[in-house]
Amino acid sequence: MTLHTISPVFDENSKILVLGSFPSVKSREEGFFYGHPQNRFWKVLANAFDASVPKNIDEKKALLLSNGIALWDVIHSCDIVGSSDSSIKNVVPNDISKILETANIEKIITNGKKADTLYKKYIEPKVDIKATCLPSTSPANAQWSLDRLCDEWKKQLL
């Protein structure tokens, strides 16, 4: 069983909650979301908000919070092989109620199909908020170019 040890990023000004599935090995080592250099999440967010790509955790948190974005993952703990979403088993979901009680979340976005499937199964029945599924920023999602990802994400973030 692998435990999610990265705290959610949010504050009372957060309007959009972005949920991934579970941190990659690289993210778990770094102690922050989307830590793998090939993951396009930070490039996509920087593009959407016309900002420079953040280089460290403080800059990443600032980019999120200054644009009303809350960030966490659907899964609290699970069995996973490496960073493979397809290997995820024995899911224990995160409790997003603290975020929903603190922030005025107007939209929930899931980063990729696995996060969306897990959200619908474990969290949506409790919070009764539909999520918008966006294409994964993972390097494994090779059919989506960076430009296409940026266009699709920007439509939902702005």
Side-chain angles (χ1 to χ4, degrees), residues 1-28 32-36 38-45 47-49 60-61 63-65 67-146 148-158:
M1 185 67 71
T2 305
L3 188 63
H4 190 311
T5 57
I6 305 168
S7 297
V9 177
F10 67 100
D11 65 17
E12 63 279 357
N13 298 310
S14 300
K15 302 272 182 253
I16 297 174
L17 172 58
V18 176
L19 294 169
S21 54
F22 192 75
S24 68
V25 170
K26 188 75 180 149
S27 296
R28 295 191 305 263
F32 203 65
F33 304 94
Y34 305 106
H36 193 290
Q38 299 307 310
N39 193 298
R40 298 165 290 178
F41 182 81
W42 298 110
K43 289 177 184 163
V44 167
L45 246 62
N47 172 275
F49 297 114
K60 291 172 180 178
K61 286 181 181 177
L63 176 65
L64 293 166
L65 295 176
N67 290 288
I69 306 296
L71 181 62
W72 210 16
D73 289 309
V74 173
I75 301 172
H76 171 71
S77 64
C78 65
D79 292 326
I80 185 169
V81 177
S83 301
S84 169
D85 272 3
S86 61
S87 74
I88 291 172
K89 293 184 179 75
N90 301 317
V91 168
V92 176
N94 271 318
D95 178 1
I96 67 167
S97 62
K98 185 176 178 200
I99 298 171
L100 297 178
E101 289 162 10
T102 302
N104 183 23
I105 298 297
E106 297 167 358
K107 180 187 284 189
I108 295 177
I109 291 173
T110 50
N111 186 353
K113 287 185 175 71
K114 186 66 170 189
D116 194 61
T117 301
L118 294 168
Y119 176 83
K120 284 179 176 151
K121 181 175 181 178
Y122 294 106
I123 298 178
E124 188 182 300
K126 292 180 181 162
V127 300
D128 199 30
I129 301 169
K130 296 258 185 258
T132 300
C133 181
L134 288 180
S136 174
T137 58
S138 165
N141 184 14
Q143 72 250 35
W144 280 78
S145 67
L146 179 59
R148 279 182 69 209
L149 279 175
C150 287
D151 289 346
E152 196 64 28
W153 276 74
K154 193 176 212 171
K155 286 180 210 166
Q156 296 297 327
L157 291 171
L158 299 181

Asks: Spell out, as yes or no, whether a donor-acceptor pair under 3.5 Å connects the side chain of D95 to the backbone of S97.
Replies: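 A pair under 3.5 Å: yes.
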Asks: How long is the span from the OG1 atom in T110 to the CG atom in L19, to the nearest 0.5 Å?
Replies: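 Output value for this atom pair is 7.5 Å.
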Asks: For the pair V18 and W153, evaluate side chain to side chain contact (heavy atoms under 4.5 Å, CB included) and give the outcome as yes or no after the intermediate values.
Replies: CA-CA 11 Å; V18 176; W153 276 74; 4.0 Å; yes
Asks: Quick one: which of D73, N111, D85 gives a side-chain hydrogen bond (donor to acceptor under 3.5 Å, both in side chains) with S21?
Replies: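 Single pass found, and it is D85.
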Asks: Which atom names give the shortest non-hydrogen contact between S14 and A103, and what distance separates them?
Replies: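 Closest approach of S14 to A103: O-CB, 3.4 Å.
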Asks: After noting the C-alpha distance and the side-chain angles of I108 and I96, does the key distance pass the side chain to side chain contact (heavy atoms under 4.5 Å, CB included) rule?
Replies: CA-CA 11 Å; I108 295 177; I96 67 167; 4.2 Å; yes
Asks: Nearest 0.5 Å, what's the NZ-CG distance between K43 and N47?
Replies: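 With rounding to 0.5 Å, NZ (K43) is 11.5 Å from CG (N47).
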Asks: Working to the nearest 0.5 angstrom, can you tell me the gap between H76 NE2 and T5 OG1?
Replies: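 Nearest 0.5 Å value for the NE2-OG1 distance: 10.0 Å.
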Asks: Check whether any side-chain heavy atom of V9 sits under 4.5 Å from a side-chain heavy atom of L65, and report yes or no.
Replies: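 SC-SC contact between V9 and L65 confirmed.
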Asks: Just so I know, are the side chains of L157 and I109 near enough to count as touching, which here means a heavy-atom distance under 4.5 Å?
Replies: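 Yes - at least one pair of side-chain heavy atoms lies under 4.5 Å apart.
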Asks: Is a donor on one side and an acceptor on the other found under 3.5 Å between the side chain of K107 and the backbone of Q156?
Replies: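 Pair found, side chain donor or acceptor close to backbone of Q156.
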Asks: Using side-chain heavy atoms (C-beta onward) and a distance below 4.5 Å, is I75 in contact with Y122?
Replies: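 Counting from C-beta outward, I75 and Y122 never come under 4.5 Å.
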Asks: Identify the heavy atoms of P93 and I123 that sit nearest to each other, and give their distance.
Replies: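 Shortest heavy-atom contact: CB-CG1, 4.3 Å.
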Asks: Do N104 and K15 make a side-chain contact, defined as non-hydrogen atoms from C-beta onward lying under 4.5 Å apart?
Replies: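 Counting from C-beta outward, N104 and K15 do come under 4.5 Å.
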Asks: With the side chain counted from C-beta on, respond yes when K121 and V91 share a heavy-atom pair under 4.5 Å apart, and no when they do not.
Replies: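 Heavy-atom side-chain distance check fails, nothing below 4.5 Å.
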Asks: Identify the two heavy atoms, one from K89 and one from C78, that lie closest to each other, and give their separation to 0.1 Å.
Replies: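 Minimum heavy-atom contact is O-CB, 3.4 Å.
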Asks: Please check this pair: side chain of S87 against backbone of S84, looking for a donor-acceptor N/O pair closer than 3.5 Å.
Replies: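 Here the side-chain-to-backbone pair exists.
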Asks: List the steps, then state whether side chain to side chain contact (heavy atoms under 4.5 Å, CB included) holds for F49 with L158.
Replies: CA-CA 8 Å; F49 297 114; L158 299 181; 3.7 Å; yes
Asks: Please walk me through it: do N141 and Q143 pass side chain to side chain contact (heavy atoms under 4.5 Å, CB included)?
Replies: CA-CA 6 Å; N141 184 14; Q143 72 250 35; 3.3 Å; yes
Asks: Under 3.5 Å, side chain of D79 to main-chain N/O of M1, donor-acceptor pair present?
Replies: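 Such a contact is found between D79 side chain and M1 backbone.
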Asks: Check ring-ring contact (aromatic ring centres under 6.0 Å, His included) between F22 and all other residues, then give those that pass, not counting sequence neighbours.
Replies: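 ring-ring contact (aromatic ring centres under 6.0 Å, His included) list for F22, sorted by chain: H4.
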Asks: Which residues pass the salt bridge (charged side-chain N to carboxylate O under 4.0 Å, His left out) test with K155, not counting sequence neighbours?
Replies: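 In terms of salt bridge (charged side-chain N to carboxylate O under 4.0 Å, His left out), with neighbours along the sequence ignored, K155 is linked to E152.
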Asks: Measuring from atom NZ of K61 to atom OG of S7, what distance do you get when rounded to the nearest 0.5 angstrom?
Replies: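 Taking NZ in K61 and OG in S7, the distance rounds to 7.5 Å.
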Asks: Would you check if V44 and L146 make a side-chain contact, meaning some heavy-atom pair closer than 4.5 Å?
Replies: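 Yes. Closest side-chain heavy atoms under 4.5 Å.
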Asks: Would you mind reporting whether W42 and K60 have side-chain heavy atoms less than 4.5 Å apart?
Replies: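 With C-beta onward as the side chain, the pair touches.
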Asks: Taking atom CZ of R40 and atom CZ of R148, what is their separation to the nearest 0.5 Å?
Replies: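 Separation between the atoms: 10.0 Å.
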Asks: Look only at the side chain of T137 and the backbone of N39, and say whether a donor-acceptor pair between them is shorter than 3.5 Å.
Replies: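 Here the side-chain-to-backbone pair does not exist.
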Asks: Keeping S27 on the side-chain end and G35 on the backbone end, is there a donor-acceptor pair under 3.5 Å?
Replies: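 A pair under 3.5 Å: yes.
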Asks: Please examine the side chains of L17 and F10, heavy atoms only from C-beta on, and report whether any two atoms are closer than 4.5 Å.
Replies: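 No - every pair of side-chain heavy atoms lies 4.5 Å or more apart.
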Asks: Table please: side-chain donor-acceptor pairs of residues 127-136 below 3.5 Å, with sequence neighbours left out.
Replies:
residue, atom, partner, partner atom, Å
K130, NZ, E124, OE2, 3.1
S136, OG, S138, N, 3.0

